[in-house]
2 protein chains.
Amino acid sequence: MKKPNAPQPKTGGPTPKGQCAKRVSILDAAADVFCREGFAGASIDEIAMEACVSRQTVYNHYREKETLFMAVVQDIMDRANGALFSILATFPDNGDNLEDDLTAFAVRLNKNCVCNHDGKFIRKLVQTEGERYPHLFEIWRQQGPGKIGTALSALFARLSHVARLDIDDFDLAAKQFLALVNADLPMNSFFGGVPTDEELEKAARAAVRTFLRAYGGKPAKGAGQVEELREEPV
Amino acid sequence: MKKPNAPQPKTGGPTPKGQCAKRVSILDAAADVFCREGFAGASIDEIAMEACVSRQTVYNHYREKETLFMAVVQDIMDRANGALFSILATFPDNGDNLEDDLTAFAVRLNKNCVCNHDGKFIRKLVQTEGERYPHLFEIWRQQGPGKIGTALSALFARLSHVARLDIDDFDLAAKQFLALVNADLPMNSFFGGVPTDEELEKAARAAVRTFLRAYGGKPAKGAGQVEELREEPV
DNA sequence: GACGAATTAGACAATGGTGTCTAATTTTAC
DNA sequence: GTAAAATTAGACACCATTGTCTAATTCGTC
């Protein structure tokens with residue numbers, strides 16, 4: 001029952017542009033349709049149409065609907081993961097201008113990881129298909145943006161060494177930071193549109209202000225050596 | 001997927017009789033299946049099966065699939081709305097024991113409105129079908145739990161008259177309160193299971209502590225009762 | 001018990017989806 | 001230029017679903 005024309009694994013060299021372009025095109029279209037219609041509601045014909053490709057080509061590249069679906073998920077996860085870590089790398093590393101720096105960071109995070117197309121897709125996906133494909137949810141939590149919380153936690157721990165932050169539970173603080181940052185986003189960002197830059201900025205600043213009201217500024221009442229911090233065990 | 005025909009409805013309590021029982025049974029089953037499979041993935045046969053009712057009866061009561069879907073949505077919205085307002089009525093009205101009272105309130109809110117079956121359904125629904133049925137989203141935002149934010153806002157305003165709260169934007173504070181309360185919930189509450197009472201309590205207390213660190217305690221600089229304000233920052 | 005309304009199982013056409021197959025055509029590689 | 005591979009359109013079998021219809025059966029009520 002093997003197909004006569006088994007696709008040769010390309011040896012990493014100059015992969016034919018046409019073929020690769022089709023793959024990408026299919027993946028993009030499939031992401032779109034799956035996101036819009038859900039797994040059950042998406043039809044291969046619609047995907048092929050949107051990818052400007054014949055249905056058979058879809059089946060040639062991805063054996064069946066579920067295979068295609070998984071490939072889409074993996075693709076989006078990888079992209080989202082890349083974006084996430086590139087943004088996390090811009091987390092402030094000094095306390096000179098905490099409010100502004102954290103606000104700008106929050107804006108970047110929301111704009112590139114949470115509110116963008118991929119973020120929306122993943123959230124929708126985990127909610128709608130997480131029950132049917134439990135390992136999807138597992139992958140998301142382990143290797144995907146689900147671990148944003150722990151990553152942020154470490155960054156806050158680092159930051160607390162050089163800035164006035166009175167955090168005792170970094171994990172909790174990270175989760176709360178994320179929650180606050182999304183608290184004031186307009187709800188239509190749930191599906192339809194991406195919030196404007198102004199909305200993002202406003203929401204982020206409000207969140208950071210509250211966060212710093214809760215966690216900002218060490219007591220600093222009794223001692224005078226607050227400028228430079230002592231080393232603390234992690 | 002269940003027993004083909006079990007004449008006994010599963011709902012306990014005062015069972016409505018006759019056709020009314022069937023209606024309720026169908027509505028319940030439909031909510032279940034729609035929530036699990038989405039609109040496109042849900043089949044009338046499955047709903048009829050789960051409701052222990054023939055397919056024709058479903059069509060007799062609700063003309064077609066979309067009618068049934070809308071009826072389910074309306075039903076869940078009404079229930080959720082009722083639960084929400086009964087919980088909002090228990091919002092603390094004095095500041096004698098703010099942390100405990102707000103924590104208990106947050107637990108009630110999460111347990112009965114956010115993490116329960118209806119809340120999960122509505123959230124999933126708005127995300128998956130909000131695009132296809134925009135008026136669904138509109139109804140949700142106007143008459144449903146979507147307005148929880150504004151309601152809470154008024155309650156915080158009331159509370160601030162009799163408690164030590166330094167809130168300038170009640171609307172924002174309400175949104176942030178809600179966000180914080182959900183920040184530390186275990187993620188599996190997203191679909192699978194309801195968090196345990198311990199998890200709810202822990203998450204709520206952490207949220208309220210942070211909230212009160214940010215908003216609790218009016219400046220009160222002129223007075224001398226500062227010692228009670230902030231204790232043990234560790 | 002009897003009558004009418006509700007319910008049931010099952011058949012049914014229509015539709016739309018998946019996945020396979022073929023034969024023709026285009027693209028790519030050599 | 002030629003051969004191999006990829007792509008295409010279209011037909012196809014198969015299956016699931018929706019919504020209708022009918023004839024038998026059960027239920028509620030008198």
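All of these numbers come straight from a predicted model, not from anything done at the bench. Every chain is numbered from 1 and lettered A, B, ... according to where its sequence line falls, protein lines coming before strand lines.
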| remark: B:F69 CZ to D:dT18 C1', in whole Å, measures 17 Å

| query | Within the structure shown, what part of the strands sits under 4.0 Å from B:A42 by heavy-atom distance: base, sugar-phosphate, or nothing? | reply | sugar-phosphate

| Distance (rounded to the nearest 0.5 Å) between B:H117 NE2 and B:D32 CG | 4.5 Å

| message | What is the distance, to the nearest angstrom, from the CG atom on A:L68 to the C1' atom on C:dG17? | response | 15 Å

| With respect to the phosphate group of D:dT7, does any side-chain polar atom (N or O) of A:H61 fall under 4.0 Å of OP1 or OP2? | yes

| request: Specify the separation, in whole Å, of atom CD of A:E64 and atom C1' of C:dC21. | output: 17 Å

| Can a salt bridge be assigned to the pair B:K202 and B:E198 using a cut-off of 4.0 Å between side-chain N and carboxylate O? | no

| query | Does atom NZ of A:K65 have more than 12 heavy-atom neighbours, drawn from other residues, nucleotides or ligands, at distances under 6.0 Å? | reply | yes

| If you check the A:R55 side chain, which of D:dT17, D:dC12, D:dG19 turns out closest? | D:dC12

| note | Here the distance between atom P of C:dG10 and atom CE of B:M49, to the nearest Å, is 11 Å

| request: Decide whether a cation-pi geometry holds between A:R23 and A:Y62; the criteria are a distance under 6.0 Å from NZ or CZ to the six-membered ring centre and an angle within 45° of the ring axis. | output: yes

| Counting side-chain heavy atoms from C-beta on, which of C:dT8, D:dG19, D:dA9 comes nearest to B:K22? | C:dT8

| Within less than 4.0 Å of OP1 or OP2 of D:dT8, is there a side-chain N or O belonging to A:S54? | yes

| query | Can you tell me how far P of D:dT20 sits from CD1 of B:I44, to the nearest Å? | reply | 11 Å

| In whole angstroms, how far is the P atom of C:dG16 from the NZ atom of A:K65? | 15 Å

| said: Is it the case that the ring center of A:F177 lies less than 6.0 angstrom away from the ring center of A:F211? | reply: yes

| Between B:D45 (CG) and D:dA16 (P), how many Å, whole number? | 11 Å

| Checking all strands, does B:Q56 fall into the base, sugar-phosphate, or nothing category for heavy-atom contacts under 4.0 angstrom? | base

| task | Identify which nucleotide among D:dT8, C:dT7, C:dT18 has an atom closest to any side-chain atom of A:Y59, counting heavy atoms from C-beta outward. | result | C:dT18

| query | Over how many whole Å does the gap from A:R63 atom CZ to C:dT18 atom P extend? | reply | 15 Å

